[in-house]
Amino acid sequence: MREMSVAAARRAALASQGFGSGPSGSTPTRRTVQRVVDRIRVFQIDSVSVAVRAHYMPMFSRVGAYDRSLLDDAAWTDSRRRPRLLVEYWAHEAAFMPVSDWPLMRWRMHRYRNGRWRGGDEALTRNPRLVQDVLDVVAGNGASSAGDIESLLGTPRPGRKGPWWDYSDTKTVCEQLFSAGALAVSRRDGFIRRYDLAERVVPDEVRGVELDEPDAVRRLVANSVRALGVATEPDIRDYHRLSPVQSRTALRELVEEGTVDEVGVRGWEPTAYAPAGLVVPRRASTAALLCPFDPLIFFRDRTERLFGFRYRLEIYTPAHKRIHGYYVFPFLLDDALVARVDLKSDRPNATLMVRSAFAEPGRDTPRVASALAEQLRAMARWLGLERVQVESRGDLAPRLADEFRRATVDAR
């Protein structure tokens with residue numbers, strides 16, 4: 001069995017996720033998007049837009065400033081010249097995945113044939129025809145939101161039940177049909193899904209691919225291993241939210257056929273896995289802000305094991321109990337997570353707000369502050385914001401604020 005240090009595993013993970021090469025100097029193109037999609041496989045979608053929508057950020061973290069319409073185009077445009085590259089599904093949580101992965105999720109669609117959550121049966125008890133009615137409306141009218149469908153069917157919508165989930169029966173059925181693969185998301189307007197028949201979103205040559213569950217799961221696991229570089233079975237399992245039985249069986253078979261190698265990482269109790277013949281870079285040279293749902297860090301146990309970095313999202317924590325902030329971006333410098341900043345885009349005032357900034361213990365604070373300031377300026381420019389404002393909370397905040405003050409003086 002191959003053995004390596006945790007530092008080597010980190011470098012392999014970063015290279016496998018597309019970090020380390022930095023911006024090429026050329027303007028990112030659709031081909032750039034395709035390259036990142038092929039590498040990381042999932043772009044998690046989240047409703048929080050306090051800084052920037054989560055699915056836009058991983059591309060920026062890896063290639064630098066790019067036109068966000070490139071990602072929109074990859075997900076929502078479908079033509080002979082520019083075929084759709086991404087499609088939305090439950091590939092991790094709600095996520096964009098390569099269109100070619102649609103057949104790999106058919107077993108999950110079968111399991112979700114009655115919906116991903118409870119409530120579908122109750123909705124159909126109240127209105128047994130609702131599934132067919134929804135399909136008929138979408139077939140006749142094209143991409144439609146749940147609200148559009150409700151209006152066309154004349155179905156009542158209940159009053160709000162709470163701040164998050166207040167699904168009507170129609171919305172519940174739309175989600176059931178989406179989870180089952182009968183409907184797909186043709187586009188989003190804001191954060192509202194526009195459902196269409198799957199056959200009008202996913203190309204025939206993709207939908208026509210038939211794979212049994214074990215074959216599909218093996219391909220998902222192999223893709224996850226390539227995306228992660230060096231990873232334990234729970235890491236690999238989490239990437240596409242598989243069961244332990246699925247991932248363990250697939251890994252055993254992939255090791256037997258020579259596609260995946262077992263690896264011993266010193267200090268890790270469980271066996272790790274890597275693509276056969278993995279080349280580990282000698283060094284990692286990168287600087288990147290990571291959104292909370294970046295594939296590098298979205299499995300928190302792996303983040304702690306790989307980087308020694310305990311990370312928890314505090315959105316749902318009462319404000320007075322938050323340690324680091326509401327929407328905190330870890331900062332990656334070389335092969336380490338060295339700081340964390342709570343970011344907000346103040347769009348009316350064209351300002352990227354740094355509401356708190358904390359350095360990890362033992363880091364070279366002047367170097368961290370300088371590199372972080374550069375990345376914050378780049379992020380602000382990418383988002384069309386004119387300035388960065390650093391508030392006083394956090395041990396790194398004074399040094400970071402000095403970086404921006406010095407830059408202002410130098411510019412004069």
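What you see is a predicted model; the values in this text were computed from it and never measured.
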Participant: May I ask you to decide if Ala139's main-chain N or O and Arg200's side chain share a donor-acceptor pair within less than 3.5 Å?
Facilitator: yes
Participant: Is there side-chain contact between Leu290 and Phe19, with heavy atoms separated by less than 4.5 Å?
Facilitator: yes
Participant: Aromatic rings Phe309 and Tyr311: how do their planes relate, parallel, tilted or perpendicular, breaks at 30° and 60°?
Facilitator: tilted
Participant: Are more than 12 heavy atoms, taken from residues, nucleotides or ligands other than Arg219, located less than 6.0 Å from that residue's CZ atom?
Facilitator: no
Participant: Do any N or O atoms from the side chain of Arg207 and from the backbone of Val202 form a donor-acceptor pair under 3.5 angstrom?
Facilitator: yes
Participant: Quick check: Phe43 with Phe293 (ring centres under 6.0 Å apart)?
Facilitator: no
Participant: Taking the inter-plane angle between the rings of Tyr239 and Phe298 on a 0 to 90° scale, is it parallel (under 30°), tilted (30 to 60°) or perpendicular (over 60°)?
Facilitator: tilted
Participant: Apply side-chain contact (heavy atoms from CB on, under 4.5 Å) to the pair Leu104 and His240, showing each step before the final yes or no.
Facilitator: CA-CA 10 Å; Leu104 307 186; His240 286 105; over 6 Å; no
Participant: Any sub-3.5 Å donor-acceptor pair from Ser144's side-chain atoms to Gly142's backbone N or O?
Facilitator: yes
Participant: When rounded to the nearest 0.5 angstrom, what is the spacing between CG in Leu385 and CG in Leu376?
Facilitator: 11.5 Å
Participant: Hey, is the main chain of Thr271 close enough, under 3.5 Å, to the side chain of Glu262 for a donor-acceptor pair?
Facilitator: no
Participant: Is any side-chain heavy atom of His92 less than 4.5 Å from a side-chain heavy atom of Asp238?
Facilitator: yes
Participant: So does Glu374 have more than 12 non-hydrogen atoms from other groups sitting under 6.0 Å from CD?
Facilitator: no
Participant: May I ask you to decide if Thr317's main-chain N or O and Arg322's side chain share a donor-acceptor pair within less than 3.5 Å?
Facilitator: yes
Participant: Would you say Arg340's side chain and Phe329's backbone share a donor-acceptor pair under 3.5 angstrom?
Facilitator: no
